[in-house]
Structure formats: structure tokens, C-alpha cells
Number of protein chains: 2
Amino acid sequence: MSPRHLSQQDFDQRENELITLGRKLLEDDCLTTLTIDKLVAESRFSKGTIYKHFTSKEDLLMAICNQSITEMQAKFKRALAFKGNSREKILAVMVSYVIWAKLHPSQLFAVLAAHSPSVAACACDRRNEKHSQQEADLMSLMNEQIEKAIETGDLTLPKGMLIEQVTFAMWSASWGAMALIMSKGNSIKLSPMQLERESFTNATLVLDGLGWKPLSKDWDYPQTIKNITQEIFLPEMKILEKLATPFIFIS
Amino acid sequence: MSPRHLSQQDFDQRENELITLGRKLLEDDCLTTLTIDKLVAESRFSKGTIYKHFTSKEDLLMAICNQSITEMQAKFKRALAFKGNSREKILAVMVSYVIWAKLHPSQLFAVLAAHSPSVAACACDRRNEKHSQQEADLMSLMNEQIEKAIETGDLTLPKGMLIEQVTFAMWSASWGAMALIMSKGNSIKLSPMQLERESFTNATLVLDGLGWKPLSKDWDYPQTIKNITQEIFLPEMKILEKLATPFIFIS
DNA sequence: AGCGTCATATGACGAAGCGTCATTATAAAC
DNA sequence: GTTTATAATGACGCTTCGTCATATGACGCT
């Protein structure tokens with residue numbers, strides 16, 4: 001059963017198995033009910049073995065977050081395959097972000113929770129470094145698009161602004177809308193706010209604010225959204241419909 | 001000791017005393033170490049009495065969040081006293097938001113945490129309703145400014161956009177920057193992002209995106225920020241300097 | 001003053017979860 | 001077959017949560 005030496009590969013594979021199981025438990029129930037004891041009970045391993053992989057509950061959460069981000073990144077890359085101008089490609093990424101959130105709300109909550117300082121504080125260095133690296137990768141993906149847009153002349157970087165700041169502005173605007181809307185779907189006062197629409201609004205305002213061409217007044221971006229959903233994310237659209245949480249975009 | 005009948009007023013006063021104590025514990029340590037048992041130990045009351053006020057730890061957190069928002073709202077109102085054009089007033093609110101976050105990081109974390117769905121789920125109805133009401137009040141404050149700007153002609157509402165959407169766009173953009181930057185001050189990859197600067201950038205992009213006049217190219221808003229900090233928030237500036245976390249704005 | 005009543009206050013307790021570590025199991029080496 | 005180093009186990013101690021049976025004491029009544 002227990003080999004004299006456990007290869008790094010086997011160890012990693014087991015860890016991924018555990019993280020995947022953790023994500024399954026998360027989907028089935030919710031973040032609050034996800035406990036180490038439950039993971040132990042559902043897994044083939046004992047508590048001691050689990051703690052060989054995760055130094056704490058927070059470490060597990062961070063690991064889950066990292067695996068989720070990896071999946072999200074795949075969606076981002078698919079989005080960038082959209083045939084369109086530089087701004088439409090950015091929009092495609094935004095759309096993929098919203099779709100991912102709607103498809104996997106509990107994973108989104110895990111990612112949101114993983115960004116609280118207490119989680120990072122209790123996760124091991126290895127995990128935190130991977131997390132930083134993944135976010136840097138996501139940002140690089142956007143940075144590249146921005147560079148291309150600057151090359152083509154669609155975007156002129158405002159004086160004194162860094163490419164990273166542009167990425168951060170778009171990311172944080174999306175993040176804020178996501179965090180506020182998804183976390184309280186039932187608040188009466190916020191109910192008129194619709195994730196799809198507000199994400200689009202935020203993106204449009206930031207992009208127009210940057211003077212990223214073509215400006216919203218010169219292009220039918222609502223039509224772009226439709227094209228993105230039809231050309232790139234049709235499978236996801238169908239799943240969302242089946243889940244009774246369709247992607248609805250009314251500008 | 002225990003009066004035959006406890007008046008609502010006395011009950012409320014005691015509750016506020018407890019919430020204030022909770023906030024003190026939060027400032028002294030951090031969110032993770034804030035426990036009901038600790039609150040009980042530090043307070044004049046027993047566990048049972050505490051649970052007369054707070055149905056759960058989450059309920060306490062939401063109560064703390066509400067009290068913090070009340071204080072924040074006071075800062076918002078002070079900010080709106082800034083003598084300037086409509087856009088400068090909005091900037092003043094943004095500045096007050098950043099100042100508040102820098103002055104009370106642990107309170108900010110409490111507010112961020114209170115926005116996770118698990119907290120709202122475990123807080124009592126009374127508390128959740130107050131929370132919704134307070135956020136609605138904050139939004140109203142902004143809505144009024146937007147209405148005024150529309151009246152004066154500084155802002156023309158984009159076709160099909162609601163005033164509430166404008167408020168939400170500004171709020172969520174600030175929220176996102178706040179949540180991402182404050183929650184991980186030590187991430188290497190995010191370290192070039194500076195709360196003061198990124199909040200300003202986000203606000204500028206959204207406001208320019210809305211075409212809210214005067215546009216950033218037509219006005220020296222960095223100078224406005226300096227004026228706001230000097231004219232309205234000088235006391236806070238001094239405190240922040242003493243805390244070795246000065247408000248630094250380099251555009 | 002003495003007594004009964006009942007709203008209020010108390011803190012011991014059971015349940016649940018976390019993380020540890022002494023013990024057990026086992027593959028590989030000899 | 002014995003030894004040995006490594007991996008796996010799960011019982012245990014500790015913390016925290018939230019409850020509830022019991023204690024307290026202010027007030028009305030006689």
C-alpha cells in the first residue's frame with residue numbers, strides 16, 4: 001500500500017485528485033460546509049495523509065482556487081480566439097469571465113474567498129507562489145492584448161499610465177461587479193443590477209475612458225456580445241439554459 | 001442588576017457597546033482571531049446575553065460592518081462639502097473612501113468579509129435589512145450627485161443607462177481596486193499597484209467613459225486630489241502620516 | 001418586611017472541526 | 001526472514017460555536 005518512496009509524480013497526482021474532490025464537495029454543498037473532516041471522509045486517505053498535502057483548511061481553499069483559475073484561464077484563451085478588433089477581443093474575455101462565474105458560482109465564491117488576507121496568511125508558500133504566478137499569467141494575457149492594440153493604434157496609452165495599470169483597471173472593475181452582484185443576489189436594493197449588463201457597462205466605460213477605438217458610439221458592441229456567445233461559447237450557453245440561469249444580455 | 005423589563009433603548013445601547021467592543025478587538029488583532037468567546041471574555045456580559053444580541057458570529061460581523069459603514073458615510077458627507085465642480089465632488093468621495101480604508105484596514109476587511117454570501121446567510125433579517133438600507137443610502141448619496149450633474153449639463157446619461165448603473169459602475173470599480181489591492185499588499189506581482197493611484201485611475205476612466213465633464217484632459221484632477229486632501233481631510237492626512245501609511249498620490 | 005413571579009442573565013455542556021503525533025503498516029534492502 | 005526507513009493512520013487535545021437548564025434579582029402584592 002504505502003511504497004517505500006512516494007514519487008513526486010504520484011504525490012502530485014494524489015494532490016490533484018484531492019483538490020478535485022474538494023471542488024466537487026464545494027459544488028455539491030457550499031464553502032461553509034466544506035471541512036477537512038469531510039474531505040477525509042470522502043477520500044481514500046486518512047487525515048494525516050491529507051495534512052501531508054494541505055497545511056490547513058485555508059491551504060486547501062487556495063489550492064482549489066488555483067485549480068479553478070487554471071480552468072478559467074482556458075476559457076480566457078478560447079475567448080481570445082474571437083475574430084474581431086482589439087476591443088472586441090477584450091470584451092470576449094469579459095464575457096468568458098461572466099460565463100465562468102455563472103457556470104460555477106461556488107468556484108467563484110472560493111476564488112473570492114481565497115483573496116481574503118486570512119486565507120493567504122494560512123496557505124503555504126508554495127501555494128501562494130503558484131497563486132501569484134497564475135494571476136500574473138492572467139494579467140500577461142491581457143497585457144499582450146493591450147500591447148497589440150497600442151501597435152495597431154486602437155489604443156493610445158494615456159500619459160504616464162502603464163500597461164499593467166490598464167489591465168488592472170479592467171480586472172478590478174470586473175472583479176468589483178462580480179463580487180458585489182454575485183455575493184448578494186437577493187438584496188432588494190441591488191436586484192436591478194444584472195451581472196451581464198453591469199459587467200458590460202463597466203468594461204465599456206473603462207474602454208471608452210481609455211479612448212480605446214472603436215469607441216462605443218462608433219461600434220455595435222451589444223452585437224459583438226451576441227456574436228461572442230454564439231461563435232465561441234455556444235456549448236456554455238446551452239448548459240446555462242439547462243441550469244435555468246441563462247446568459248441574458250440586454251443593453 | 002437585571003431589571004425586570006429591559007427597555008428597547010437600553011437593549012440597543014448595550015448592543016452598540018458590544019459592537020464597538022467587537023470593533024476594538026478587530027482593530028487590536030484581526031478578523032480571524034475575533035471570536036464570540038473573546039467578545040464574551042472582554043465584555044461585562046455572559047455568553048447567553050451576547051447571543052440575545054447576535055444570532056451568530058456572522059451576525060456580529062454584519063453588525064460591525066454596519067457600524068463601520070455608518071462612520072464611512074459620515075466621511076462621504078464631509079467629502080461632498082468640497083467646493084468644486086460635479087466631477088470633483090465625486091472624486092472627493094473616492095478620496096474619502098481610500099482614506100477610510102487606509103485608516104481602518106481591519107474594518108475594511110470586515111466590510112469585505114461581510115459581503116460574502118455565507119455571512120449574509122447567517123446574519124439575522126433585522127441586520128441584513130439594515131445593511132441593505134445603508135448601502136441604499138450610500139447609493140442615494142451618489143445618485144443625487146449624478147442627478148445634479150445631469151441638471152447642470154456636466155453629464156449626459158448614455159442612452160439606456162440608469163442613474164443607478166452609473167453609481168454602481170463607480171462603486172464597483174472602487175470596490176474591486178480596494179478588494180484586490182488591500183487584501184494582498186505583499187503579492188509581488190501586484191505590488192506596483194498603488195491603492196491611491198489605481199482608485200484614481202479607475203475613477204478617471206469611468207468618468208471619462210461617461211463623458212462626465214470636465215474631461216480629464218481638460219482639467220487638472222491630480223491638483224483636485226491635492227486640494228481635497230488639504231481642504232477636507234487634513235486631520236486624516238496627519239493621522240495617516242503618524243501611522244507611517246501616508247496618503248501618497250503620484251499620478 | 002416577606003413572598004412569589006417571571007423576565008433576564010449565566011456558564012456548563014455537547015457538538016463539530018482543526019491540526020498533531022504516537023503508533024501501526026508495509027515496501028524495499030539485506 | 002529480519003531489519004529499516006518511510007508512509008499512513010486515526011485517536012486525541014484543543015478551540016470555538018451555539019444552546020439550554022438553572023440561577024438571579026427587580027418588581028408587585030399582601
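Only this structure's heavy atoms are used, side chains among them; waters, hydrogens and symmetry mates stay out. We name chains A, B, ... by the order of the sequence lines, and we start the count at 1 in each one.
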May I ask you to say whether A/Asp28 pairs ionically with A/Lys24, meaning some side-chain N is under 4.0 Å from a carboxylate O?
-> yes
Is the shortest side-chain N to carboxylate O distance from B/Glu236 to B/Lys102 below 4.0 Å?
-> no
Please state how far atom CG in A/Leu61 lies from atom P in C/dC18, giving the value in whole angstrom units.
-> 12 Å
In terms of ring plane angle, is the pair A/His53 and A/Phe11 parallel, tilted or perpendicular, where the classes change at 30° and 60°?
-> parallel
Nearest whole angstrom, please: distance from the C1' of C/dG17 to the CZ of A/Phe54.
-> 17 Å
A/Glu144 bridged to A/Lys77 by N-O distance under 4.0 Å = no
In the structure shown, which nucleotide is the Watson-Crick or G-U wobble counterpart of D/dG28, with both distances under 3.5 Å?
-> C/dC3
A/Leu39 atom CG is separated from C/dA16 atom C1', nearest whole Å, by 16 Å
Euclidean distance, atom CZ of residue B/Phe45 to atom P of D/dT24 [Å, nearest integer] = 19 Å
Specify the separation, in whole Å, of atom NE2 of B/His53 and atom C1' of C/dA9.
-> 11 Å
For D/dT9, does OP1 or OP2 lie under 4.0 Å from any side-chain N or O of A/Arg44?
-> no
Give a yes/no answer on whether the side chain of B/Arg14 brings an N or O atom under 4.0 Å of OP1 or OP2 in C/dT8.
-> no
Could you tell me whether the phosphate oxygens of D/dA8, OP1 or OP2, come under 4.0 Å of any side-chain nitrogen or oxygen in A/Ser46?
-> no
Plane angle bin for A/Trp171 and A/Trp175 - parallel if under 30°, tilted between 30 and 60°, otherwise perpendicular = perpendicular
Calculate the interatomic distance between A/Phe11 atom CZ and D/dT6 atom P; express it in whole Å.
-> 15 Å
Using a strict 4.0 Å threshold on nitrogen-to-oxygen distance, state whether A/Glu58 and A/Arg127 make a salt bridge.
-> no
Provide a list of protein-nucleic acid N or O atom pairs under 3.5 angstrom, restricted to nucleotides 16-20 of chain D.
from, atom 1, to, atom 2, distance (Å)
D/dC17, OP1, B/Ile36, N, 3.2
D/dC17, OP2, B/Ile36, N, 3.1
D/dC17, OP2, B/Asp37, N, 3.3
D/dG18, OP2, B/Tyr51, OH, 2.8
D/dG18, OP2, B/Lys57, N, 3.2
D/dG18, N7, B/Lys47, NZ, 3.2
D/dG18, O6, B/Lys47, NZ, 2.8

